[in-house]
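Reminder, nothing fancy here: chain letters follow the sequence lines and each chain counts from 1.
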Amino acid sequence: NAGVTQTPKFRVLKTGQSMTLLCAQDMNHEYMYWYRQDPGMGLRLIHYSVGEGTTAKGEVPDGYNVSRLKKQNFLLGLESAAPSQTSVYFCASSRPGTQNIQYFGAGTRLSVL
Amino acid sequence: RKEVEQDPGPFNVPEGATVAFNCTYSNSASQSFFWYRQDCRKEPKLLMSVYSSGNEDGRFTAQLNRASQYISLLIRDSKLSDSATYLCVVKYRDDKIIFGKGTRLHILP
C-alpha cells in the first residue's frame, strides 16, 4: 500500500528559484494538508484542502501556493524560494469526521541557499 | 497560553522503567485527542487515539482529563525501540487540528 507519497524527497534551491512539491494519496481521502517542520517549532500548517478544487490557508501560508485539481493530488508551490523556507515539508491526508486521523508522507527536505 | 503544550524533554529513562508525560490544551472546544509518534528524520505516525474513558494498547495507556484540559501517555516496561518524539494532537469540532511540539524520549540501555 503506497498511502501518501511525496516527491521529491530532497531538493536544493537557490534563492529566487521556484519549485513544486507533489503529494499523492491512494486512500480516497477528502482532506489533504501541507505542513512544515522546523527545529523547536513543531509541525506548522501551511495550507490545507477539504476537497477537490478547494484550498484554504493555514498558520504559515505566506510564500506558498497550493492546488487540488484532482482528489488524490495536492501540490505545494514556492514561486520565489527564500532561505527562510529551508525546512522539512510533510504532506498528510485524512477522512473528515470525529477521528480525522492523519496519514503522513515521508517528507521532503528542502534547502534554499 | 499556547493551544497545545508539551514538555519538550528529553526524558532519559532506563530500559524497563515506566514513563509518563502530559499534554495540556487551552481550548475547551476540542473534540478528539491523539498521540502520534515521530522517529528521527521520519514522518509522524498515529500511536493511539485518546478516549474519554481512557484506553490501553499493550504497554501504552492514554488518558483524558477534560476538566483540567490535559491528556497523558503512560509507557510501561519501556523498550529501546520506544525512543522517539511523542506528539500530542488536538482536533476541534471545525476540523482544525493542532499538533504539540512534541516530547523527546530516550530509552537508555
Partners passing ring pair (Phe, Tyr, Trp, His ring centres under 6.0 Å) against B:Tyr92 (at least two apart in sequence or in another chain):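 Result, ring pair (Phe, Tyr, Trp, His ring centres under 6.0 Å) vs B:Tyr92: none returned.
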Linking I/L/V/M/F/W/Y whenever any side-chain heavy atoms sit under 4.5 Å apart, do [X] and [Y] land together?
X: A:Val66; Y: A:Val4; value: no
X: A:Phe74; Y: A:Leu78; value: yes
X: B:Tyr70; Y: B:Val4; value: no
X: A:Ile46; Y: A:Leu22; value: no
X: B:Tyr86; Y: B:Leu80; value: yes

Under 3.5 Å donor-acceptor, A:Tyr48 side chain and B:Lys96 backbone: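 No, the answer is negative, given that no donor and acceptor are paired below the 3.5 Å cut-off.
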Could you pull out all residues at least two apart from B:Arg104 that satisfy side-chain hydrogen bond (donor to acceptor under 3.5 Å, both in side chains)?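 B:Arg104 satisfies side-chain hydrogen bond (donor to acceptor under 3.5 Å, both in side chains) with no other residue.
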Please report the shortest heavy-atom distance between A:Phe90 and B:Lys42, naming the atom on each side.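 Looking at all heavy atoms of both residues, the closest pair is CZ-O, 3.6 Å.
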Minimum heavy-atom distance between B:Pro44 and A:Phe104, given as atom pair plus value: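 In this case the closest contact between B:Pro44 and A:Phe104 is O-CD1, 3.4 Å.
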Residue among B:Ile97, B:Leu46, B:Thr85, B:Ile98 with most heavy-atom pairs under 4.5 Å to chain A: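 Counting heavy-atom pairs under 4.5 Å, the top option is B:Ile97.
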Between B:Lys45, B:Arg41, B:Gln38, which shows the greatest number of heavy-atom pairs under 4.5 Å with chain A?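 Looking at each of B:Lys45, B:Arg41, B:Gln38 in turn, B:Arg41 comes out on top.
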When you look at A:Ile101 and B:Tyr36, which way does the side chain to side chain contact (heavy atoms under 4.5 Å, CB included) test go after all the steps? CA-CA 10 Å; A:Ile101 294 167; B:Tyr36 278 67; 3.8 Å; yes
Atom CD of A:Gln6: over 12 foreign heavy atoms under 6.0 Å: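 Counting neighbours around CD of A:Gln6, more than 12 heavy atoms of other residues, nucleotides or ligands fall under 6.0 Å, so yes.
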Check salt bridge (Lys or Arg N to Asp or Glu O under 4.0 Å) between B:Glu56 and all other residues, then give those that pass, not counting sequence neighbours.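 B:Glu56 satisfies salt bridge (Lys or Arg N to Asp or Glu O under 4.0 Å) with B:Arg76 only.
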Counting only non-hydrogen atoms closer than 4.5 Å, does A:Arg44 touch chain B with its backbone (N, CA, C, O), its side chain (CB onward), both, or neither?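 Interface part for A:Arg44: neither.
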Measuring from atom CD of B:Glu43 to atom SG of A:Cys91, what distance do you get when rounded to the nearest 0.5 angstrom?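 Between atom CD of B:Glu43 and atom SG of A:Cys91 there are 11.5 Å.
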Non-hydrogen contacts under 4.5 angstrom with chain B: give the residues of residues 28-41 of chain A involved, or none if there are none.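 At a heavy-atom separation under 4.5 Å, chain B is reached by A:Tyr31, A:Tyr33, A:Tyr35, A:Gln37, A:Gly40, A:Met41.
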